[in-house]
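Input: a single structure, listed below in structure tokens.
Note: hydrogens, waters and symmetry copies are ignored here, and every other heavy atom, side chains too, is used. Because the structure is a prediction, the values reported are computed rather than measured.
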Amino acid sequence: MVVLEPVESAEQAVARANASDFGLVASVITGDGRRGLRLAAALDVGIVHVNDQPVNDEPHMPFGGVKDSGWGRSGTGFAAEEFCELQWVTVRDQDRAFPF
């Protein structure tokens, strides 16, 4: 069991969270939504829920983390974009007649 000392400020909590090797999901509970957005932007995680639980997973949203919490995003449409590289390839059956 890991016992953590209490933090004195939200900034200390963000620093502690960012010091982790993992970064899947976080939740910020606050009475000030704008402050919640600022704290969310400072967190090095793939998903942040402000004033909500951190277990939301909807199939149409890009679910995934950063650092040792995985690579890429899953969810409708996002998996193909995250796990693939776009490449344009053309093929001609005959040589092209160049004008020079």
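- Among residues two or more places apart in sequence or in another chain, the side chain to side chain contact (heavy atoms under 4.5 Å, CB included) test is passed with Glu8 by Gln12.
- When side chains are defined from C-beta on, Leu39 counts as touching Val14, because their heavy atoms get closer than 4.5 Å.
- The backbone N or O of Gly36 sits nowhere less than 3.5 Å from a side-chain atom of Thr30 that would complete a donor-acceptor pair.
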Please output the side-chain donor-acceptor pairs of residues 41-48 that fall under 3.5 Å, not counting sequence neighbours, one pair per line with the distance.
none

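- Between the NZ atom of Lys67 and the CG atom of Asn18 there is a distance of 5.5 Å, given to the nearest 0.5 Å.
- Glu5 CD to Arg16 CZ: the interatomic distance, rounded to the nearest 0.5 Å, is 7.5 Å.
- In this structure, CD on Gln53 lies 9.5 Å from CD1 on Ile29, to the nearest 0.5 angstrom.
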